[in-house]
Amino acid sequence: MIDLELLNKEQREAVLHTKGPLLLLAGAGSGKTRVLMYRIAYLIETCEVKPWNILAITFTNKAAGEMRERVDKIVGEGSENIWVSTFHSLCVRILRRHIDKLGYENQFTIYDADDQKTVIKGICGRLSIDTQIYKEKDLLREISHAKEKYQSPKEYQRLAKGDFRREVIADVYQEYQKELKKNNALDFDDLLYLTVELFQSYPEVLLYYQDRFRYIMVDEYQDTNTVQFRLIGILAKKYRNLCVVGDDDQSIYRFRGANVGNILNFEEEFPDTKVIKLEQNYRSTQHILDAANAVIQNNKGRKEKALWTENGQGEPLTFLCFQDASQEAAYLAKEILAKVEKGKARYQDFAVLYRTNAQSRVFEEKFLLSNVPYKMIGGVNFYARKEVKDILAYLKVIDNGRDDLAVHRIINVPKRSIGAVSVGKVQAYANSQEIGFYQALEEASMVPGIGKVLTKIQAFVHLIEEFRAALSKRKIYELIEDILEKSGYAQELREEGNEEAQVRMENIQELIHKAMIYERTAKEPSLSGFLEEVALVADIDSLDESDNRVLLLTLHNAKGLEFPYVYLTGMEDGVFPSFLSILAEHSREEIEEERRLCYVGMTRAMKALTMTAVHTRLMHGKNQRLVVSRFVQEVPRELFREKTMPSSVQRTVKSDNSTTYQKAREAFRAKTFEPKQFKVTKAEALEYQTGDRVSHIKFGIGTVLDITEGGKDYEVKVDFDKAGIKKMFASFAKLKKVESL
DNA sequence: TTTCCTGAATTTTTT
DNA sequence: ATTCAGGAAA
């Protein structure tokens with residue numbers, strides 16, 4: 001049962017307004033998630049709305065999961081039928097059912113940023129485009145923006161007329177779409193774009209979903225882009241029960257096409273919109289809110305609002321300035337450690353926020369050194385690691401035979417003596433016959449001049465066929481194990497035998513583990529489903545609040561989270577706001593976006609907010625002298641602790657040329673290769689020894705033959721009764737002793 | 001032809 | 001850290 005008395009007046013009003021369009025302007029920490037949750041519960045309980053008629057769109061998968069869980073607790077039965085998901089996973093679900101209407105196969109692959117770049121490179125090569133002038137990154141961004149605005153290649157070309165540069169980009173865009181379709185692949189933007197296209201071309205499909213989603217709610221509305229706006233616009237058109245929740249001051253994804261204008265457009269598109277403002281903050285102290293309000297007030301053209309709280313004044317803010325980043329990090333480690341040891345806080349109460357991922361490494365180093373347990377979000381994505389991408393490429397080829405990109409990746413991994421020249425011949429044959437690369441491999445005997453490599457290619461094709469045939473019988477994690485063994489990938493790693501190979505193997509083991517979890521938790525597990533999950537998860541989704549560690553993350557990743565103690569680090573002009581935004585063509589807008597980012601960061605803090613800056617920082621291989629961020633200057637001095645007020649700073653933004661590029665690079669390298677402790681800790685002692693009988697989750701019971709001590713783990717050789725002799729790493733095998741020798 | 005080696009270049013923020 | 005280009009060795 002829900003109790004509306006627990007809500008304030010505005011929150012309650014929002015819950016009770018169930019019919020027609022509703023725009024909820026919710027300041028940071030104003031309890032909007034709570035409102036959404038109560039609203040769903042109220043619809044089901046009191047208005048007798050069927051759970052499957054409700055669609056809630058959240059920003060991350062994690063938020064979706066939490067929302068469902070919390071609604072579960074209130075309404076109990078039926079909540080699993082509510083569609084709670086991100087824009088992207090919603091679109092995948094719809095497209096898996098209907099995309100054949102648009103000329104793709106339903107088994108499509110989702111391409112990540114790396115895949116996109118590979119495609120673009122290929123196109124630039126074929127069209128002889130100079131990638132010095134047309135950088136792959138810029139081309140991709142331009143294409144992405146076009147799709148975000150729902151511009152087809154044709155439309156883009158029409159608009160590009162007369163602008164030579166954009167005409168070239170139009171050609172690339174067109175080629176790019178052709179290539180993706182040929183590979184039966186979609187990029188992130190396609191997921192949204194094609195769903196809109198589907199709805200616009202097939203009214204009966206649209207009608208089905210309009211009738212299905214009679215009540216629609218969208219969280220983080222300020223970060224929707226034009227296609228997303230269009231998507232929810234047409235979905236909600238029939239019943240018009242659309243509730244969007246957002247805060248224009250927290251719009252931080254403009255670079256990704258997010259359009260704050262959607263908040264203003266909303267009332268135009270839905271003229272009878274009810275607007276409710278939530279301004280009472282339940283998260284932070286008044287000091288923190290005053291500071292955040294003071295900063296954000298420097299932005300023009302925002303909806304005026306001011307957060308207030310009943311939480312009391314709280315402590316003043318702290319500002320600290322250090323000589324360099326290493327001292328900044330060392331101090332934070334020391335301070336956090338001291339607070340935890342005094343029993344004032346737990347590690348999980350702290351968050352260290354920074355503008356760019358590159359800034360994280362110094363914190364990692366110092367935290368390791370001081371034994372401060374931490375978790376870093378973002379940075380090098382787990383799924384972006386070479387060995388993981390290799391295995392995923394195998395899975396993609398098995399799942400979608402038309403994904404030539406994946407075939408190219410694995411054709412000679414591990415080494416099969418099928419080199420670039422042979423691959424070129426097969427590709428040429430494929431082009432001449434107008435067939436896919438994989439199909440050309442199947443017909444390799446027809447390829448002119450293929451010679452001895454033919455047998456190797458046939459062996460590869462046979463291998464893939466074998467995996468495909470086994471698909472229905474094998475679990476996904478078993479399939480991965482098959483791939484490892486039968487392709488020789490594991491063999492190659494074993495032969496390398498160094499520590500790096502071991503880490504790679506561990507990463508693959510982690511992938512296997514993720515596959516196991518997926519199969520346990522998914523409703524209808526499938527290979528496509530697993531690959532899709534891998535493609536759409538964000539690092540932040542894996543965050544576990546019960547994990548007692550300090551969190552290291554970018555400001556962007558911190559959105560939607562809260563912590564008792566927040567450190568905003570790297571508060572220097574040039575870092576935050578970034579040079580790119582200061583020097584940009586539309587500098588004012590760009591800096592306003594950075595300022596909103598700062599506002600988001602500040603409002604994450606519940607009890608205490610500390611800002612830190614440094615005098616010099618190693619950037620792009622040079623030691624730069626930096627001045628304190630203008631955002632710090634925008635905070636009224638009286639809000640800071642007396643002794644830590646930002647000192648009036650020398651106005652010198654000059655790079656220090658005394659260090660040559662080479663020297664800096666060497667220094668950087670030296671740091672990179674410092675002996676590094678590992679997060680996967682080696683067991684102090686194993687519970688078993690040679691001769692003991694042990695059990696393994698998959699292989700069953702066996703006898704330990706040998707234990708070898710490696711760099712950071714033990715390698716254990718076990719003779720299993722059923723599975724024979726296997727070698728494995730102790731930290732992964734999780735062997736349990738069943739009897740002693 | 002394939003493989004192995006080296007040096008150079010690339011990092012704003014992300015689904 | 002990874003990938004790519006270019007050149008030498010096998």
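As the structure is a prediction and not an experimental result, all values here were calculated from the model. The figures that follow rest on heavy atoms only: side chains count, while hydrogens, waters and symmetry mates do not. By convention in this document, chain letters (A, B, ...) are assigned in the order of the sequence lines, proteins followed by strands, and residues within each chain are numbered from 1.
Taking the ring axis of A:Trp83 as reference, the NZ or CZ atom of A:Arg93 stays within 45° of it and closer than 6.0 Å to the ring centre. Judged by a 6.0 Å distance limit and a 45° cone about the ring axis, A:Arg595 is not positioned over the six-membered ring of A:Phe576. Relative to the six-membered ring of A:Tyr599, A:Arg596 misses at least one condition, a distance below 6.0 Å or an angle of at most 45° to the axis.
Across all strands shown, A:Lys425 has heavy atoms under 4.0 Å from sugar-phosphate atoms exclusively, and none from any base. Counting any heavy atom pair closer than 4.0 Å across all strands shown, A:Lys121 reaches sugar-phosphate atoms only and no base atom. Contact annotation for A:Ala420: backbone-only contact, meaning every heavy-atom pair under 4.0 Å involves sugar-phosphate atoms and none involves a base. A:Tyr253 comes within 4.0 angstrom of the backbone, heavy atoms only, and of no base. Nucleic acid contact for A:Asp189: none, since no nucleic acid atom lies under 4.0 Å from a heavy atom of the residue. A:Ala358 comes within 4.0 angstrom of nothing in the nucleic acid, heavy atoms only. Across all strands, A:Asp539 comes closer than 4.0 Å to no nucleic acid atom at all (heavy-atom distances).
When the side-chain nitrogen and oxygen atoms of A:Ser417 are compared with OP1 and OP2 of B:dT3, one or more of them lie within a distance under 4.0 Å. Not one side-chain nitrogen or oxygen of A:Ser422 sits closer than 4.0 Å to the OP1 or OP2 atom of B:dT1. At B:dT11, one or more side-chain N or O atoms of A:Lys137 fall inside 4.0 Å of OP1 or OP2 (strictly under the cut-off). Remark: A:Asn61 is not in phosphate contact with B:dT15, judged by side-chain N or O atoms under 4.0 Å from OP1 or OP2.
The list of ring-ring contact (aromatic ring centres under 6.0 Å, His included) pairs with a residue in residues 403-422 of chain A, not counting sequence neighbours, reads A:His408-A:Phe437.
Within residues 408-416 of chain A, the residues approaching DNA chain B are A:Asn412, A:Lys415, by heavy-atom distance under 4.0 Å.
Stem regions annotated for DNA chain B: B:1-10 with C:1-10, counting only runs of 3 or more consecutive pairs of Watson-Crick or G-U type with both contacts under 3.5 Å.
Aromatic rings of A:Phe59 and A:Tyr253 (six-membered ring for Trp) have centroids within the 6.0 Å cut-off, being under it.
To the nearest whole angstrom, the two P atoms, one in B:dT11 and one in C:dA5, are 15 Å apart.
With contacts defined as side-chain heavy-atom distances shorter than 4.5 Å, the pair A:Glu492/A:Arg494 does not qualify. Between A:Phe255 and A:Arg141 there is no side-chain heavy-atom pair separated by less than 4.5 Å.
A residue-by-residue look at A:Gly419 and A:Thr554 shows that A:Gly419 has its nearest nucleotide of DNA chain B further toward the 5' end.
Summarising the geometry of A:Val423 relative to A:Ile418, their closest heavy-atom pair is CG2-CG2, 4.1 Å, with the distance given to 0.1 Å.
Under the salt bridge (charged side-chain N to carboxylate O under 4.0 Å, His left out) rule, A:Arg409 has a single partner from A:Asp403, A:Asp404, A:Asp390, A:Asp115, which is A:Asp390.
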